[in-house]
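The chains referred to below are lettered A, B, ... by the order of the sequence lines, with proteins before strands, and numbering in each begins at 1. Every value quoted in this text rests on a predicted model; they were computed, and no experiment measured them.
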2 protein chains.
Amino acid sequence: MTEHTSKQFEFELESIRTRVLQMGGMVELQIAKAIEALATGDLDALEEVVDQDHRINLLELELDDACVQIVAKRQPAANDLRLVMSVVKVITDLERIGDEAKKIAKMSKRLHSSDSAFVPRIELRHAANLAIDMLRKALDAFARLDMSAAAEVVRQDREVDAEFKGIIRQLITFVMEDPRTISRGIDILFMAKAIERIGDHAKNVAEYVIYMVKGQDVRHTGLANIERAANTD
Amino acid sequence: MTEHTSKQFEFELESIRTRVLQMGGMVELQIAKAIEALATGDLDALEEVVDQDHRINLLELELDDACVQIVAKRQPAANDLRLVMSVVKVITDLERIGDEAKKIAKMSKRLHSSDSAFVPRIELRHAANLAIDMLRKALDAFARLDMSAAAEVVRQDREVDAEFKGIIRQLITFVMEDPRTISRGIDILFMAKAIERIGDHAKNVAEYVIYMVKGQDVRHTGLANIERAANTD
């Protein structure tokens, strides 16, 4: 590459990274808004979350396209190519987090629109905050190529899973005491499941960051290995 | 590219496609085995499904790597690049289908190991067969670049979703009649959810096939658009 081409390439790559972070910010907002509106019963806000999802889908398509373009035009070498390939994977996970936020909003709408009095009182906020925190940290790790932040996200995924199991236990107790809560209980269960999946996707993003930095694929290798990869420079 | 390089490239591309199909076949087997063993209570078979999952994970990593290598070495042009990028996405979905099969096997083990008599009798086989059929068709569509088969998969996803809703309704009835079935009922619910997700992933694969063939991204565009894309040559 000439110096000019190389600068142009750097610029395009930076622009892709920036847009990934914007997409991540939007996705984070969608979850936070859905969870807030679940608590307050703000149906307008829930409707907005559902409406906004297509913008995230669009961003994914645009970024996918930008990645194909940059590879075709610039023919990046190993390191940069790894970055682009990681972006392709990261945005898939971000888009699916967006889908989960939309699902939470939809189920929450149904919950608040139903006239059923038999709603088990189960708090999802703690689990949701954990998942949002994981996503934020994963995006930070992506922005700063910060391996230890990425490893922290992988670790946190266990907390979200534990929260999720706690929610299931609560639900079982509610339904045993009053079976009429089962219908709305299932809605809450699937909202909790959506939160757990958001944690999974954030973990995936974190693992791609480690791959970007290390060129070492840590997926499916377990936490100990990931921490080892994060701590060796 | 010289003729020799071009032939070499064709050969490598073909090898990647073949391995994607092998991976797909393994994943399909995993689901079928988990569902069969859920019905028969064959704990050894369930254990095998759990054990085999790492082979699918490994295939994903190998194929990801092969894709990065081929792009770096051969610098493919637009069409071929699109194929490689689609493969990167397809194998992510296949790997996650593998995860769902593993989850089904794990929950099924728990179900059969529990001494609870309060197991709601809900049939998952029909939904599972639909999802397996979708996956098989999506892989066929990938192998033959068959757009109309791909569109058919997208259409079938609605059937799986409908099956899933039916299962939820059955579960509610069981639990209302006997709340003691809630615990095992939730296991069955999450198995049904896993099947529904397998359908979603198969649909994703089908949409990537349409993208490969048409260079037209049909994700998030709705069924009518997908059928239009499939029918215009």
Practice problem: Taking B/Gln30 for its side chain and B/Val49 for its backbone only, find out whether a donor-acceptor pair lies under 3.5 Å. | Solution: yes
Quiz item: Can any side-chain N or O of B/His201 pair as donor or acceptor with the backbone N or O of B/Leu94 at less than 3.5 Å?
Solution: no
Quiz item: Between A/Lys89, A/Glu177, A/Met176, which has the largest tally of heavy atom pairs under 4.5 Å with chain B?
Solution: A/Lys89
Quiz item: Which one, A/Asp65, A/Leu171, A/Asp93, A/Val84, leads in non-hydrogen pairs under 4.5 Å with chain B?
Solution: A/Asp93
Practice problem: Using a 4.5 Å cut-off on heavy atoms from C-beta on, say whether the side chain of A/Leu83 contacts that of A/Arg17. | Solution: yes
Exercise. For the residue pair A/Leu130 and A/Gln156, establish whether any side-chain heavy-atom pair is separated by less than 4.5 Å.
Key: yes
Practice problem: Can you sort out the partners of A/Phe174 under ring pair (Phe, Tyr, Trp, His ring centres under 6.0 Å), two or more places apart, ordered by chain and number? | Solution: none
Quiz item: So which bits of residues 96-110 of chain A come within less than 4.5 Å of chain B, counting non-hydrogen atoms only?
Solution: A/Arg96, A/Glu100, A/Lys103
Quiz prompt | Matching residue for A/Ser183 among B/Ile168, B/Ile172, B/Val175 - test: side-chain contact (heavy atoms from CB on, under 4.5 Å) | solution = B/Ile172
Does any backbone or side-chain atom of [X] lie under 4.5 Å from a heavy atom of chain A? Answer side chain, backbone, both or neither.
{"X": "B/Leu58", "result": "neither"}
{"X": "B/Lys73", "result": "neither"}
{"X": "B/Glu95", "result": "side chain"}
{"X": "B/Asp53", "result": "neither"}
{"X": "B/Gln69", "result": "neither"}

Practice problem: Among the options B/Pro179, B/Cys67, B/Ala72, pick out the one with the most heavy-atom pairs lying under 4.5 Å from chain A. | Solution: B/Pro179
Exercise. Could you list the residues that satisfy side chain to side chain donor-acceptor pair (under 3.5 Å) with A/Asp178, not counting sequence neighbours?
Key: A/Arg180
Exercise. Kindly compute the distance separating NZ (B/Lys165) from CD1 (B/Ile167), expressed to the nearest 0.5 Å.
Key: 12.5 Å
Quiz item: Do any pairs count as a ring pair (Phe, Tyr, Trp, His ring centres under 6.0 Å) and have a residue in residues 47-86 of chain B, sequence neighbours left out, and if so which ones?
Solution: none
Quiz prompt | B/Asp187 vs B/Arg184, salt bridge (Lys or Arg N to Asp or Glu O under 4.0 Å): CA-CA, chis, key distance, verdict | solution = CA-CA 5 Å; B/Asp187 285 334; B/Arg184 296 286 78 86; 3.1 Å; yes
